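What follows is a single structure, written as structure tokens, with notes after it.
Residue numbers run from 1 in the order of the sequence given. Keep in mind that the numbers below use all heavy atoms, side chains included, and drop hydrogens, waters and symmetry copies. It should be emphasised that the depicted structure is a prediction, and the values quoted were computed from it without experimental measurement.
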Amino acid sequence: MVFPLVRASAKAFGSEPDDGTAHKIGAFLIQAAFQGNVVTSAMFLTAMAANPLAAKLAGEMHISLSWVYFPPADRIVECFSP
């Protein structure tokens with residue numbers, strides 16, 4: 001959903017991947033969109049396929065993860081990830 005917006009924005013600034021102008025603004029926009037996608041995938045319970053699985057596994061260990069408690073719990077996991 002984000003890629004068409006990024007592509008159109010890059011094209012509006014004259015940045016095309018095929019004609020050597022990709023590093024004008026297109027490369028930055030693609031990198032920013034990728035980084036934003038990674039962050040939001042980790043932040044919300046339904047944003048990534050692995051998140052509901054993690055909530056289910058936590059539930060099997062009698063740990064309740066809901067909409068309210070998922071973001072703080074996710075930050076704890078990120079502290080210990082490489």
Side-chain angles (χ1 to χ4, degrees):
M1 184 169 154
V2 174
F3 183 71
L5 297 172
V6 170
R7 179 93 164 107
S9 298
K11 189 174 183 176
F13 282 99
S15 184
E16 292 286 336
D18 300 330
D19 64 2
T21 59
H23 288 286
K24 258 181 149 176
I25 196 170
F28 168 76
L29 290 174
I30 290 293
Q31 183 68 27
F34 171 76
Q35 295 292 340
N37 189 23
V38 169
V39 169
T40 55
S41 292
M43 282 177 55
F44 301 106
L45 185 59
T46 59
M48 185 173 71
N51 293 349
L53 176 62
K56 180 183 176 202
L57 292 173
E60 290 174 0
M61 297 181 348
H62 306 292
I63 300 170
S64 176
L65 287 180
S66 67
W67 290 96
V68 176
Y69 297 114
F70 186 77
D74 189 43
R75 299 292 89 74
I76 293 169
V77 172
E78 288 175 1
C79 290
F80 296 106
S81 65

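Here the closest non-hydrogen pair linking Ser15 and Gly26 is OG-N, 3.0 Å. Nearest heavy-atom pair, Gly14 versus Thr21, reported as atom, atom and distance to 0.1 Å: O-OG1, 3.3 Å. Here the closest non-hydrogen pair linking Ala10 and Ile25 is CA-CG2, 4.2 Å.
Tracing side-chain contacts under 4.5 Å through hydrophobic residues (I, L, V, M, F, W, Y), one never reaches Phe34 starting from Leu5; they form parts of separate clusters.
Within the model, atoms CD1 of Ile30 and CZ of Arg7 stand 8.5 Å from one another, a figure rounded to the nearest 0.5 Å.
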